[in-house]
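Numbers restart at 1 for each chain; the letters A, B, ... are given by sequence-line order, proteins then strands. Values below: all heavy atoms of this structure, side chains included; hydrogens, waters and symmetry mates excluded.
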2 protein chains.
Amino acid sequence: MDALKTSTRHGEICPLDTTLKVLDGKWKSIILCRLMNQELRYSELLKSLSGCTRRMLSLQLSQLEHDQIIQKEIDTSFTPIKTSYHLTELGKSLIPIIIGMDQWGEMYIETLS
Amino acid sequence: MDALKTSTRHGEICPLDTTLKVLDGKWKSIILCRLMNQELRYSELLKSLSGCTRRMLSLQLSQLEHDQIIQKEIDTSFTPIKTSYHLTELGKSLIPIIIGMDQWGEMYIETLS
DNA sequence: CGGGATCCCCCCAGATACTG
DNA sequence: CAGTATCTGGGGGGATCCCG
């Protein structure tokens, strides 16, 4: 697994870096937020991420899919093609982390203001 | 889930993004790991981060200090100058998050291997 | 509709040298 | 020892066009 290789410091594996790498990317965290309680289509995600280009959405989604955090489903029985994305079990296991970080961010913002 | 209501990208504050921004940076997470149980000097940090340049260490440290995650202490009573870095209370409050992400990374690596 | 391929620009990080 | 200043290139990401 390549994520494992890049997460070493002086030969040791650093799981924290693995996590940060999985979440790293301008749009990944918010994509996970969007998919937390529902599955969404490519165009729905795009609309909900103002400022995100199609190129970037494609890249982030393919990385998340490669990391087995989300899963793509393609419905070819109609044209135009419909695709939808949803969290895998691995992705769902990330939710408590996401919530924890969100709550820390809230506390942090309040503390500094 | 309600904690994530504010996680949008339409001009509103996104606490999760705030957290990810604070942690974002090639060396920040591992710097926090290093400072978790001890304070360290600049040169000690540099030695423990193989591959990190002095320039990058300086940048990451100044960002963490600006974000009030770590605190620098300068001892000018001797030459050469001695500086040391340690976590602030805000930085310490990040530890559970770090540990959570580290544990998730461990599980993730094991699951995929 | 849901992407991929290509071009191109700008910024980030490495290398190197200098300093209090 | 603990940084800063400057130069430079390589790559990430935007814009645009194309395709099944």
Rounded to whole Å, the CD-C1' distance (B/Glu73 to D/dA2) equals 16 Å
_Under 4.0 Å from OP1 or OP2 of D/dA2: is there any side-chain N or O of B/Tyr85 that close?_
no
Looking only at D/dT6, D/dA15, C/dG2, the nucleotide nearest the A/Thr53 side chain is D/dA15
Verdict with supporting geometry, A/Lys47 and A/Glu44, salt bridge (Lys or Arg N to Asp or Glu O under 4.0 Å): CA-CA 5 Å; A/Lys47 269 191 298 183; A/Glu44 292 174 324; over 6 Å; no
Whole-Å distance, A/Lys47 NZ to C/dG2 C1', equals 14 Å
Whole-Å distance, B/Lys82 NZ to D/dC1 C1', equals 10 Å
Per nearest nucleotide of DNA chain D, the residue lying toward the 5' end, B/Ile74 or A/Arg54, is B/Ile74
Between CG of A/Asp75 and C1' of C/dG3 the distance, given in whole Å, is 16 Å
Rounded to whole Å, the NZ-P distance (A/Lys26 to D/dG13) equals 7 Å
task: Compare side-chain N and O positions of B/Thr83 against OP1 and OP2 of D/dG3 and report whether any pair is under 4.0 Å apart.
output: yes
* Are the side chains of A/Leu23 and A/Leu32 in touch, meaning some heavy atoms are under 4.5 Å apart? -> yes
Among C/dC1, C/dG2, D/dA2, the one nearest any side-chain atom of A/Pro80 is C/dC1
_Heavy-atom side-chain contact between A/Leu112 and B/Asp67 under 4.5 Å_ = no
Checklist entry - Using a cut-off of less than 4.0 Å, is there contact between a side-chain N or O of B/Arg55 and OP1 or OP2 of D/dG3? => result no
Q.
For the backbone of B/Gly105 and the side chain of A/Thr19, can you confirm whether one donor and one acceptor N or O come within less than 3.5 Å of each other?
A. yes
Practice task
May I ask you to evaluate whether B/Lys72 reaches the phosphate of D/dG3, defined as a side-chain N or O under 4.0 Å from OP1 or OP2?
Solution key: yes
B/Leu57 atom CG is separated from C/dG14 atom P, nearest whole Å, by 12 Å
A/Leu59 CG to C/dG4 P, in whole Å, measures 8 Å
The answer to which of B/Ile81 and A/Met56 contacts DNA chain D further toward the 5' end, by nearest nucleotide, is B/Ile81
B/Thr88 side chain to B/Ile69 main-chain N or O, any donor-acceptor pair under 3.5 Å?
yes
Closest to the side chain of B/Ser43, out of C/dG2, D/dG3, D/dA2, is D/dA2
When rounded to whole Å, the CD to P distance for the pair A/Glu44 and C/dG3 reads 13 Å
